[in-house]
Amino acid sequence: MADRPAAARPFDAVLCDVDNVIRHFDSTHLESLERVAGVAEGTTKKVAFSPEVDGPLLLGRITEQEWVASIARGLTGLVDEETGWALGTALLESPFRADETVLDLLRRARVRVPLVLVTNATLGLERDLEAMGLTELADDVVSSARVGLVKPDRRILELGAARAGVRPERCLFVDDTLENVEAATALGMTAVHFRTAADLEQALRPLFG
């Protein structure tokens, strides 16, 4: 099928999140440790992803090991220090995989328009992309830890559009977090709240004719 002419496209670039869209984590080991420690599953993540704990990490102000230390401190009173460190380390070292269906869709889209990854990430993002064989997936990567801006800050979205070389209102923005989707919509972007690969496929359909 022939490509849809550029003039007929609803967007001229794709800005895509990484975690929970492209990359998915396996929390099985962490949850097992939580059960042994006698805390509810999800407790470690609740502490780790609270703004005061992961905010500095996502801004590139602390290392991943310093984040683990913050998690351990946040678990004080629930578990002993050694267990807190073990839980934080298990979260940091959770195995991950890339969704091949999503990758296929993004690669097809990139043939037609620029693809920029816009993600709240740690300073280890480049290492992780390399581990997944994805260093060449996108035309550019805008990582919060590298630029000092965290979604839903409109400035990181605007930076993503600039890296793609298009105006914000000519971007398709893909993210699993509703707050980020709403921020993109407020900028005039076409935005999709990602839950499954089918959401992405439907959003990209106008590119494929």
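- Between atom OG1 of residue T122 and atom CG of residue D54 there is a gap of 11.0 Å, rounded to the nearest 0.5 Å.
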- For side-chain contact (heavy atoms from CB on, under 4.5 Å), just list the numbers for E64 and L123, CA-CA rounded to whole Å, side-chain angles, deciding distance to a tenth of an Å, and then say yes or no. CA-CA 8 Å; E64 290 169 328; L123 292 170; over 6 Å; no
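- Counting only heavy atoms from C-beta outward, the side chains of H193 and D199 never approach each other to under 4.5 Å.
- Both tests hold for R23 against F96: distance to the six-membered ring centre under 6.0 Å, angle to the ring axis within 45°.
- When the side chains of ILVMFWY residues are joined at heavy-atom separations under 4.5 Å, either directly or via intervening members, V174 and V181 end up in two distinct hydrophobic clusters.
- With contacts defined as side-chain heavy-atom distances shorter than 4.5 Å, the pair P168/R154 does not qualify.
- The shortest heavy-atom contact between L103 and A98 is CD1-CB, 3.8 Å.
- Considering CG of L87 and CD1 of I71, their distance stands at 9.0 Å, rounded to 0.5 Å.
- Between atom CG of residue L137 and atom CE of residue M132 there is a gap of 9.0 Å, rounded to the nearest 0.5 Å.
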- Query: Between S144 and L59, does a side-chain contact (heavy atoms from CB on, under 4.5 Å) hold up when you go through it step by step?
  - Reply: CA-CA 6 Å; S144 65; L59 286 167; 5.9 Å; no
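- With hydrogens and angles left out, the side-chain atoms of E34 and T44 include a donor and acceptor closer than 3.5 Å.
- There is no side-chain donor-acceptor pair under 3.5 Å between T135 and E130.
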- Message: Evaluate L117 against I22 for side-chain contact (heavy atoms from CB on, under 4.5 Å), listing each step before the verdict.
- Response: CA-CA 10 Å; L117 304 182; I22 294 171; 3.7 Å; yes
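- A side-chain donor-acceptor contact under 3.5 Å links D80 and T83.
- V21 and L172 end up in the same hydrophobic cluster when Ile, Leu, Val, Met, Phe, Trp and Tyr side chains are linked at under 4.5 Å.
- The heavy-atom pair separating V79 from A37 by the smallest distance is CG1-CB, 4.0 Å.
- The shortest heavy-atom contact between P114 and A164 is CG-O, 3.7 Å.
- Rounded to the nearest 0.5 Å, atoms CZ (R110) and CG (L105) are 15.0 Å apart.
- Heavy atoms of other residues, nucleotides or ligands lying less than 6.0 angstrom from CD of E52 number more than 12.
- In the hydrophobic cluster analysis, where Ile, Leu, Val, Met, Phe, Trp and Tyr join through side-chain heavy atoms closer than 4.5 angstrom, V116 is grouped apart from L125.
- Counting heavy-atom neighbours within 6.0 Å of R195 CZ, excluding the residue itself, gives a total above 12.
- The two atoms that bring E66 and T63 nearest to each other are OE1-N, 2.7 Å, heavy atoms only.
- Atom CZ of F25 is separated from atom OG of S94 by 7.0 Å, given to the nearest 0.5 angstrom.
- Counted within 6.0 Å of NE2 on H29, heavy atoms from surrounding residues, nucleotides or ligands total 12 or fewer; the atom is thus considered open.
- Atoms CG and CD1, on N120 and I156 in that order, are 6.0 Å from each other to the nearest 0.5 Å.
- T76 and R73 share no donor-acceptor pair across their side chains, judged by distance under 3.5 Å alone.
- Here the closest heavy-atom approach between residue T43 and residue L75 is recorded as CG2-CD2, 3.9 Å.
- Under the 4.5 Å side-chain heavy-atom criterion for Ile, Leu, Val, Met, Phe, Trp and Tyr, V166 and L207 are members of distinct hydrophobic clusters.
- Screening T177, D17, T119 against K151 for a side-chain hydrogen bond (donor to acceptor under 3.5 Å, both in side chains) leaves a single residue, D17.
- Residue V113 is grouped with residue V102 when hydrophobic side chains (ILVMFWY) are merged at heavy-atom distances under 4.5 angstrom, including chains of intermediate members.
- Among T101, L115, L134, the single residue meeting the side chain to side chain contact (heavy atoms under 4.5 Å, CB included) criterion with L106 is L115.
- Counting heavy atoms of neighbouring residues, nucleotides and ligands inside a 6.0 Å radius, atom CZ of R61 does not exceed 12 of them.
- Figure legend: cation-pi geometry between R112 and F208 absent, as NZ or CZ is not positioned both under 6.0 Å from the six-membered ring centre and within 45° of its axis.
- Taking both residues in full, the closest heavy atoms of T185 and A191 are given as OG1-CB, 3.5 Å, listed atom of the first, atom of the second, then distance.
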- Query: Checking side-chain contact (heavy atoms from CB on, under 4.5 Å) for the pair L30/E41: CA distance, chi angles, key distance, verdict?
  - Reply: CA-CA 8 Å; L30 171 61; E41 291 181 14; over 6 Å; no
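- A 4.5 Å side-chain heavy-atom check between L157 and F173 finds at least one atom pair inside the cut-off.
- The side-chain heavy atoms of W67 and L92, taken from C-beta on, include a pair separated by under 4.5 Å.
- When side chains are defined from C-beta on, L187 counts as touching E158, because their heavy atoms get closer than 4.5 Å.
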